[in-house]
Amino acid sequence: MVSIHTDVGSVSLASPLIIASGTCNFGRELSEYISFDRIGGICSKGLTLAPRAGNEGCRVAETPSGMLNSVGLQNPGVDYFIANDLAFMASLNTRVIVNVAGHCADDYIEMASRLNQHTDQIDAIELNLSCPNVKEGCMIIGSSPSQIRELVSNVRSVTSVPLWVKLTPNVTSIAQTALAAQEGGADAVVAINTLLGMAIDIRTRRPVLRNNTGGLSGPAIKPVALRMVNECYRVLDIPVIGCGGISNETDVLEFMIAGASAVEIGTSVLIHPTIPLQIAGNLEEYAEKNRIELSDIVGTLELWG
Amino acid sequence: MVSIHTDVGSVSLASPLIIASGTCNFGRELSEYISFDRIGGICSKGLTLAPRAGNEGCRVAETPSGMLNSVGLQNPGVDYFIANDLAFMASLNTRVIVNVAGHCADDYIEMASRLNQHTDQIDAIELNLSCPNVKEGCMIIGSSPSQIRELVSNVRSVTSVPLWVKLTPNVTSIAQTALAAQEGGADAVVAINTLLGMAIDIRTRRPVLRNNTGGLSGPAIKPVALRMVNECYRVLDIPVIGCGGISNETDVLEFMIAGASAVEIGTSVLIHPTIPLQIAGNLEEYAEKNRIELSDIVGTLELWG
Amino acid sequence: MKDEYSARLISNRKLNEESSILTFFCPDIAVAAKPGQFVNISCSNLLKRPFGICSADPESGLFSIGVREVGEGTREIREFLPDRRVDVLGPLGNTFPIDDADRLIFVGGGTGVYPLFFALSQAVKRSIPAISVCGFRCVGDTCMIDEFRNCSDRFLVSTDNGDMGIHGNVLDALSGISDSELNQSTIITVGPEIMMKNVAEWAFDRGLPCFVSLERRMACGIGMCLVCTCKIKKVGSDDQFENKRCCADGPVFDAREVLW
Amino acid sequence: MKDEYSARLISNRKLNEESSILTFFCPDIAVAAKPGQFVNISCSNLLKRPFGICSADPESGLFSIGVREVGEGTREIREFLPDRRVDVLGPLGNTFPIDDADRLIFVGGGTGVYPLFFALSQAVKRSIPAISVCGFRCVGDTCMIDEFRNCSDRFLVSTDNGDMGIHGNVLDALSGISDSELNQSTIITVGPEIMMKNVAEWAFDRGLPCFVSLERRMACGIGMCLVCTCKIKKVGSDDQFENKRCCADGPVFDAREVLW
Ligand SMILES: Cc1cc2nc3c(=O)[nH]c(=O)nc-3n(C[C@H](O)[C@H](O)[C@H](O)COP(=O)(O)OP(=O)(O)OC[C@H]3O[C@@H](n4cnc5c(N)ncnc54)[C@H](O)[C@@H]3O)c2cc1C
Ligand SMILES: Cc1cc2nc3c(=O)[nH]c(=O)nc-3n(C[C@H](O)[C@H](O)[C@H](O)COP(=O)(O)OP(=O)(O)OC[C@H]3O[C@@H](n4cnc5c(N)ncnc54)[C@H](O)[C@@H]3O)c2cc1C
Ligand SMILES: Cc1cc2nc3c(=O)[nH]c(=O)nc-3n(C[C@H](O)[C@H](O)[C@H](O)COP(=O)(O)O)c2cc1C
Ligand SMILES: Cc1cc2nc3c(=O)[nH]c(=O)nc-3n(C[C@H](O)[C@H](O)[C@H](O)COP(=O)(O)O)c2cc1C
Ligand code: FES
Ligand code: FES
């Protein structure tokens with residue numbers, strides 16, 4: 001029988017479609033638009049140790065086939081999340097991925113330890129080493145293979161929950177950062193987070209975003225994401241989760257062929273909250289029509305010699 | 001009086017609009033659509049020491065608000081160019097920028113020496129350290145600050161022509177590669193060349209491009225280019241030339257405000273060969289209306305504190 | 001479950017050089033819509049565009065929005081032809097607290113008049129006395145004048161250049177309202193931020209409750225992405241503010257809670 | 001100077017489920033166009049779409065193209081409404097060497113019939129005898145049948161499933177042409193690459209000159225970007241090939257020079 005079920009290492013998903021971090025908060029609003037039984041998983045908004053108010057002023061700018069955001073990790077902090085949001089996410093009948101971001105390595109370790117008290121409600125922890133919108137930590141660690149390796153292995157030692165490492169595309173070689181994550185003990189890598197970009201208002205001669213720069217997401221970045229997913233897939237033994245500009249079932253198939261065991265969908269969910277279900281339906285149709293298990297196409301890309 | 005004249009170091013331009021390398025070949029075809037007197041300059045197709053046939057098979061894929069190309073530096077070689085194309089370019093009544101790309105450092109030095117025999121016809125040499133479509137050289141040198149520094153200073157020693165260094169965006173820190181170019185003796189940097197990307201055909205499960213990957217250009221990359229131009233501007237003393245996704249006068253103004261002394265227009269010229277003239281007209285109107293010298297807005301971006 | 005609707009455009013009527021009223025057929029939205037809420041409308045650009053709901057009729061299944069052209073998206077939307085199907089999310093956001101009011105004063109500027117007109121219609125239905133004050137730049141800029149005049153117990157209009165109604169802004173117009181008319185009134189104001197701020201201060205000085213509808217650049221419009229934040233007073237605090245979502249916690253806020 | 005034209009769409013006529021003929025008013029193009037040339041047409045996507053010119057009339061200023069729906073761009077173009085203004089570059093590329101021919105045999109498949117029809121019309125004007133052979137998948141796929149029949153001295157049609165004309169492909173149809181008819185003929189073929197290749201071999205075996213029109217993914221369409229290359233025999237060489245631009249050096253090539 002055909003199916004759209006996939007696995008990311010030990011985590012089995014109803015479909016390859018995961019809602020990306022920061023694009024559904026903690027799932028409450030989205031749950032008013034879709035049911036989650038055919039959704040592979042849902043990532044929490046990026047959490048920090050202490051609550052964060054996020055960045056001031058304008059946080060969004062539209063760009064050709066894309067958007068820049070500079071939310072800056074507004075979130076209630078990991079403890080509040082555990083007390084108030086985790087149970088709701090766990091009730092959604094899908095895999096729960098908790099996305100965490102730190103100012104420094106210790107933050108990640110501390111958050112992972114606290115989350116480790118709730119392994120029954122958490123299917124994976126996603127280490128966000130790639131948020132471009134906070135001045136400290138995160139992307140700086142995320143562009144250094146040695147820091148990634150050390151961080152991941154330290155976090156690994158405090159939790160039994162599968163660890164996914166979310167990589168930044170703003171590096172010379174994502175294969176190297178991905179390998180470092182694997183060496184540190186990651187169970188999977190997620191590629192990619194947003195590309196660092198800027199928008200300018202010519203009337204005020206100021207950046208549109210109060211944070212000056214922001215993260216570029218949406219269809220515009222898909223070709224870069226697809227290339228990076230394939231680069232990761234070719235060097236890694238652990239699964240790759242694709243992300244970046246996915247907005248329909250063809251995009252999902254492209255990422256899976258390039259090597260993604262599953263995909264995360266961000267901007268497209270923001271714009272069309274029901275799209276994950278539509279895509280799930282279309283993927284089922286595709287699997288049916290082509291009489292395949294969707295997971296069989298992972299990494300089937302045949303490069304030209 | 002208002003004007004749209006600009007300078008890039010010692011090179012004075014009728015307008016900030018330069019036709020980017022690889023998007024007008026050697027200007028013959030474009031000269032049937034526009035006259036060049038209000039165009040700042042024209043960059044030759046990327047030249048190599050020996051002629052190159054370029055890549056096999058499909059070389060272009062459309063992407064959301066962008067395109068991938070993998071031409072792979074098809075060109076007749078620098079000597080043929082000097083004998084057959086340079087005079088034509090020099091006759092166009094605009095600045096002539098010769099774009100060169102090498103397999104290794106020596107290639108660049110050799111080409112620069114040969115071009116140095118024609119200083120009367122060449123206003124600048126653009127060192128393409130960023131072509132993503134050839135397997136050897138180029139982008140590898142272009143992602144290493146130390147190799148850039150050495151290469152530029154070696155080329156500097158064999159030619160008196162202004163040297164522009166065209167940077168790749170596929171690096172962790174473009175500020176560092178830009179600084180290296182300046183330290184090597186570059187007269188200006190050009191930011192950015194294309195982002196490395198991939199497109200996949202789900203029916204064949206093959207990359208659309210026979211070269212597997214290609215360079216992403218067009219409006220999709222504008223936010224990344226704008227951010228990088230500003231990063232370069234903030235660390236450099238030499239001028240920055242902006243490039244990436246420019247398709248109208250607002251885009252030009254954004255790049256100039258971000259710090260570009262001039263801009264290069266690529267994909268947009270491909271699609272609308274008359275667009276440089278339209279933009280020139282609109283910039284004149286803007287300068288008129290705002291009673292400014294266009295060059296006065298270079299780097300006027302006020303970042304948020 | 002909520003859904004993303006494919007609404008059919010029924011009519012697209014030009015009000016003046018810059019503005020148009022678009023009426024859509026979409027029973028789900030027409031039935032659920034309440035004054036103060038907005039819809040998020042697809043165009044060719046990636047992000048949807050938010051517009052306050054100007055009218056909604058559960059019987060006919062129609063709702064309308066007023067659109068002023070300020071950029072690419074609104075230019076395209078004003079050119080939509082009848083019968084076109086448009087993706088719409090809505091109704092979104094919270095509502096004006098009309099039903100609790102004894103008397104209402106609506107103060108609108110610019111595109112603020114559209115959502116206010118929906119509120120006014122509701123007040124009329126509920127037989128709540130209502131005064132309306134609308135400010136425009138000039139006579140060529142006015143819209144919905146007749147509608148407001150017909151529905152309001154009293155209607156004042158001001159123009160910046162004086163070529164229609166009171167010469168000045170809405171505050172100048174408000175000064176023409178007597179204390180007895182103000183008594184027990186709730187102020188609801190929608191328009192440019194500086195106008196709302198001034199009206200809020202004016203209301204504060206007179207001890208009148210005042211509600212405003214904020215505008216922020218939005219992406220999702222439904223509370224998921226946190227790009228549309230406004231600084232709002234923390235519950236139980238006088239000087240501490242927190243980031244609230246304009247789309248989901250607003251767009252209507254008690255003016256006293258807003259950090260302008 | 002050449003220019004990018006804003007052509008007005010005059011009519012958009014459906015030929016079958018997948019294909020339509022679009023007629024534009026654009027005197028500059030209508031006057032200059034020659035058979036074999038193409039135009040590059042704007043749609044919402046970034047890159048223009050190339051289409052062979054199907055007819056051009058200098059008097060009326062009209063030219064037409066046939067469009068088969070295969071993806072996003074062609075879907076949108078088939079929905080263009082009359083009166084719409086469309087950005088067009090053209091006429092582009094080289095031409096079929098019709099005027100030098102004593103007799104012509106046109107062999108078309110799929111969308112190849114459109115540019116061939118322009119060539120046929122020209123042959124008629126020049127009073128050059130012309131046989132036309134068109135191949136389709138099935139009867140529902142056919143287009144321009146009547147036009148070809150009316151203008152050709154002889155017209156043969158084949159369908160893959162045999163539900164119209166000769167059961168088989170264009171080669172099967174070609175076998176019905178007598179040697180005397182072939183004598184002195186120049187073959188011009190446009191269609192799927194495999195078909196053109198087979199026709200070229202067929203012509204080669206009979207010592208007949210054969211010209212083909214190649215299709216490549218294009219960006220500029222005017223020779224600047226080098227993305228549309230074809231492998232073409234180097235002048236003066238028998239086994240060395242070089243990259244030529246389909247858009248500017250072609251799309252028409254002598255079949256003997258093409259590396260398939
Ligand atoms: C809750 C709410 C209700 C609104 N009600 C109305 C209404 O009833 N009538 C009306 O004409 N307009 C209304 N607006 C403003 C309207 O949404 C903007 O004018 C519109 O989004 C501009 O789009 P554009 O593409 O033409 O402009 P562009 O400037 O090209 O748009 C660029 C981006 O900025 C955003 N943007 C630009 N201006 C605004 C703005 N003022 N507010 C929010 N986002 C903006 C756009 O949505 C887009 O994402 C409302 C806005 C909000 C937030
Ligand atoms: C010289 C020339 C003449 C042509 N004449 C005709 C004609 O008369 N009638 C007709 O229906 N079609 C013709 N075609 C093919 C037509 O250009 C494509 O079908 C069309 O570009 C597909 O666009 P799309 O957006 O629908 O397809 P998509 O597959 O969505 O397009 C993706 C990209 O691939 C390109 N592409 C896809 N298929 C082709 C193709 N077969 N050839 C070239 N580029 C392609 C598109 O232009 C676009 O850049 C011609 C092509 C060329 C090169
Ligand atoms: C508004 C917004 C907020 C985001 N917040 C987070 C976050 O908190 N943590 C994180 O790892 N990624 C965050 N991202 C990145 C997305 O999860 C995703 O990696 C990126 O947007 C690319 O995918 P897309 O093109 O499908 O949106 C955010 C993206 C957007 C648009
Ligand atoms: C078809 C094509 C060919 C190109 N060839 C070259 C080249 O030979 N040398 C070079 O330095 N850049 C080359 N580029 C890069 C452009 O000059 C430019 O840097 C890039 O496309 C970004 O600008 P744009 O978005 O305006 O196109 C090429 C780009 C395209 C689209
Ligand atoms: S627009 Fe997404 S939270 Fe308000
Ligand atoms: S499409 Fe640009 S050279 Fe042919």
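All values below were derived from every heavy atom in this structure, side-chain atoms included, with hydrogens, water molecules and symmetry-related copies excluded.
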Between [options], which has the largest tally of heavy atom pairs under 4.5 Å with chain A?
options: B/N230, B/N212, B/T63; answer: B/N212
options: B/S65, B/G197, B/P207; answer: B/P207
options: B/E254, B/K222, B/R210; answer: B/R210
options: B/A220, B/S173, B/G66, B/G218; answer: B/A220
options: B/T204, B/L226, B/L195; answer: B/L226

*asked:* Less than 3.5 Å apart, any donor N or O on the side chain of B/N211 or B/S70 sitting next to an acceptor on the other?
replied: no

Hey, is the main chain of [Y] close enough, under 3.5 Å, to the side chain of [X] for a donor-acceptor pair?
X: B/N170; Y: B/T194; value: yes
X: B/S268; Y: B/I265; value: no
X: A/R227; Y: B/L196; value: yes
X: B/T172; Y: A/T172; value: yes
X: B/S130; Y: B/K166; value: yes

*Around A/E150, counting heavy atoms of other residues, nucleotides and ligands shown, do more than 12 lie under 6.0 Å from its CD?*
no

*Quick one: what part of A/I202 sits under 4.5 Å from any heavy atom of chain B, side chain, backbone, both or neither?*
both

_If I measure from the heavy atoms of chain B, does A/L68 come under 4.5 Å with its side chain, its backbone, both, or neither?_
side chain

Under 4.5 Å heavy-atom distance to chain A, tell me which part of [X] shows up: side chain, backbone, both or neither.
X: B/E56; value: neither
X: B/L209; value: backbone
X: B/L253; value: both
X: B/A199; value: backbone

*asked:* I need the A/L167 CG to A/S143 OG distance, nearest 0.5 Å.
replied: 11.0 Å

*What's the spacing between B/E264 CD and B/L17 CG if we round to 0.5 Å?*
11.0 Å

*asked:* Which one wins on heavy-atom pair count under 4.5 Å against chain B: A/V229, A/I297, A/I221?
replied: A/I297

*May I ask you to name which of A/R206, A/E302, A/E231 has the most heavy-atom pairs under 4.5 Å with chain B?*
A/R206

